[in-house]
Amino acid sequence: MECDIGQTEFTPPGCVSLSSVTEPVLGPPFTHQQTPRKMVYYGQTSCEQDTERYLDVVKYVFGSYKKEVPLVINTMGWVKGEGLLLLIDTIRLLSPTHIVQMDVYDWKAMAPLTPEYVHLTPGLYTKGKQQAKCKQLGADGGESWKASEGEGDASAPEYKLLYVHPEFPRAGVAGEARVHSGILRDMSMLGYLGQLQAPDIGAVLPLHCLAPYQVPFSAVALRVIHTDVAPTNIMYAVNASWVGLCRIPDEIRCQSDGPVLLTQTPVCDCLGFGIVRGVDMEKKLYHVVTPVPPENLRLVNCLLLGNIAIPNCVLVGQQGVEGEIPYVTADYNYSILGSGKLKKKKQFKRRKYAFECDYA
């Protein structure tokens, strides 16, 4: 069960998923992308903005686990401040039998997650069991503290803590970790999009050469997850964007031929991902490029747009185009609210360098 939405193992980033592992997992995540048994698109690589929805998503995915095989749960690396409190909530929600805690070399900021610690410590949304204490005279004549009767470990979570302290050089260096995380996320998305390419080795087809599906506005509901977008600007937001292809239980009812906009973000099954290659306002159609097979696409009735960007190379690296590259422009007014240039990092430095061509 993947609970790390920033560094997913079997899916593109921003997902909580449940996958069947039937063979050894070798290599980085982009080498073994697979379709999970259950997946929800959270839409961001961090849950700081909406931790409550994150827990709802984790609970929803965990509900499909049938306990027929052992379950390995991968949690997030956010273990400071509210991240630690959220981890405690997650432990209480999932009730594991074993916890493997890996500490960074020479970093003592995080306490061992013993059953007693999790039992007594309040989480972000759950309360810890307050330990009633009373004074008792110790053998040395000094006062000590002892748990009163009835406040033992009977109700404490029962699991075994396996504490691992690896001595990897430069492990946990924040700046380098962020850079590598971004690269791995892009590679996972490229690995997923690789399913659109021909199986034989040859030239890679650019985005503008891939045949899209035509999806009527009235057939799918639309929701931007990570921010508020005015209805008049929703089509500008969704065009040339990465979207989760989802299924909500409610029937889509549209009074007009305009887009169906959801007012709240649903917790629902995600069947795969695609790129909205274009929006035809006259014919009321979305043009969606996706490797999801047609039999699964028939179940899709919702498009979720999150804060997951298409890798820059997919847009900038389109070959065989005369004139301006689709979705890429060098002539744009960057004073418009919400606009910005694509950035790239060089040699892991914090300074930013702009691409020669930037897209709007």
Side-chain angles (χ1 to χ4, degrees), residues 5-6 8 11-17 39-57 60 185-186 189 192-193 207 212-213 215-281 284-290 292 297 300-312 314-315 327 332 336-342 359-360:
I5 54 179
T8 49
T11 69
C15 300
V16 176
S17 62
M39 176 170 61
V40 173
Y41 184 46
Y42 182 82
Q44 299 189 75
T45 58
S46 171
C47 65
E48 293 182 60
Q49 291 186 1
D50 196 348
T51 52
E52 189 171 1
R53 181 167 66 90
Y54 172 79
L55 284 177
D56 288 341
V57 168
Y60 177 81
R185 282 194 286 268
D186 283 356
M189 297 173 72
Y192 182 85
L193 293 173
L207 180 62
Y213 290 94
V215 184
F217 285 0
S218 58
V220 293
L222 187 63
R223 173 68 177 173
V224 179
I225 297 173
H226 60 289
T227 189
D228 294 327
V229 178
T232 53
N233 294 334
I234 197 77
M235 291 306 176
Y236 295 108
V238 75
N239 190 26
S241 293
W242 180 268
V243 292
L245 308 179
C246 303
R247 177 179 59 187
I248 56 177
D250 301 329
E251 183 180 351
I252 302 300
R253 297 179 180 179
C254 185
Q255 303 297 332
S256 63
D257 56 356
V260 183
L261 305 181
L262 298 178
T263 57
Q264 293 183 330
T265 301
V267 176
C268 58
D269 292 355
C270 179
L271 305 180
F273 299 92
I275 295 176
V276 178
R277 210 193 76 171
V279 178
D280 191 331
M281 296 301 296
K284 309 294 183 182
L285 295 172
Y286 303 108
H287 290 196
V288 182
V289 176
T290 177
V292 177
L297 287 177
V300 173
N301 60 359
C302 178
L303 302 181
L304 295 183
L305 170 62
N307 194 23
I308 307 294
I310 300 172
N312 297 347
V314 174
L315 299 171
Y327 314 110
Y332 188 77
I336 297 176
L337 182 64
S339 67
K341 297 181 180 181
L342 291 179
Y359 84 103

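Everything numeric here is computed off the predicted structure, so don't read it as measured data.
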Work out which heavy atom in [X] is nearest to a heavy atom in [Y]; give both atom names and the distance.
X      : Y      : value
Tyr41  : Gly14  : CD1-O, 3.5 Å
Leu271 : Val292 : O-CG2, 3.9 Å
Gly272 : Tyr192 : CA-OH, 3.5 Å
Pro311 : Met189 : CD-CE, 3.8 Å
Gly244 : Cys270 : CA-SG, 4.2 Å
Cys246 : Cys268 : CB-SG, 3.7 Å

Step by step, would you call Cys47 with Ile5 a side-chain contact (heavy atoms from CB on, under 4.5 Å)?
CA-CA 8 Å; Cys47 65; Ile5 54 179; 3.9 Å; yes
Say you draw a straight line from [atom1] of [X] to [atom2] of [Y]; how long is it, rounded to the nearest 0.5 Å?
X      : Y      : atom1 : atom2 : result
Leu305 : Ile225 : CG    : CD1   : 7.5 Å
Asn239 : Ile234 : CG    : CD1   : 12.0 Å
Met235 : Ser241 : CE    : OG    : 11.5 Å
Ser17  : Asp269 : OG    : CG    : 12.0 Å

Side chain of Asn301, backbone of Ile248: donor and acceptor closer than 3.5 Å?
yes
Counting N and O atoms only, with roles assigned by atom type, does the side chain of Arg223 sit under 3.5 Å from a partner on the main chain of Leu262, one being a donor and the other an acceptor?
yes
Who pairs with Thr227 by side chain to side chain contact (heavy atoms under 4.5 Å, CB included), at least two apart in sequence or on another chain?
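Once residues adjacent in sequence are excluded, the partners of Thr227 under the side chain to side chain contact (heavy atoms under 4.5 Å, CB included) criterion are Val224, Val229.
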Suppose we screen for side-chain hydrogen bond (donor to acceptor under 3.5 Å, both in side chains). Which residues come up paired with [X], at least two apart in sequence or across chains?
X     : result
Thr51 : Tyr125
Asp50 : Arg53
Thr45 : none

Is any side-chain heavy atom of [Y] closer than 4.5 Å to one of [X]?
X      : Y      : value
Leu303 : Leu245 : yes
Val16  : Tyr54  : yes
Pro12  : Ile308 : no
Pro266 : Leu304 : yes
Leu315 : Leu207 : yes

What pairs with Phe217 under ring pair (Phe, Tyr, Trp, His ring centres under 6.0 Å), at least two apart in sequence or on another chain?
Tyr286
List the residues meeting ring pair (Phe, Tyr, Trp, His ring centres under 6.0 Å) with Tyr42, not counting sequence neighbours, and say none if there are none.
none
Can you list the steps and then say if Ile275 with Leu193 is a side-chain contact (heavy atoms from CB on, under 4.5 Å)?
CA-CA 10 Å; Ile275 295 176; Leu193 293 173; 4.1 Å; yes
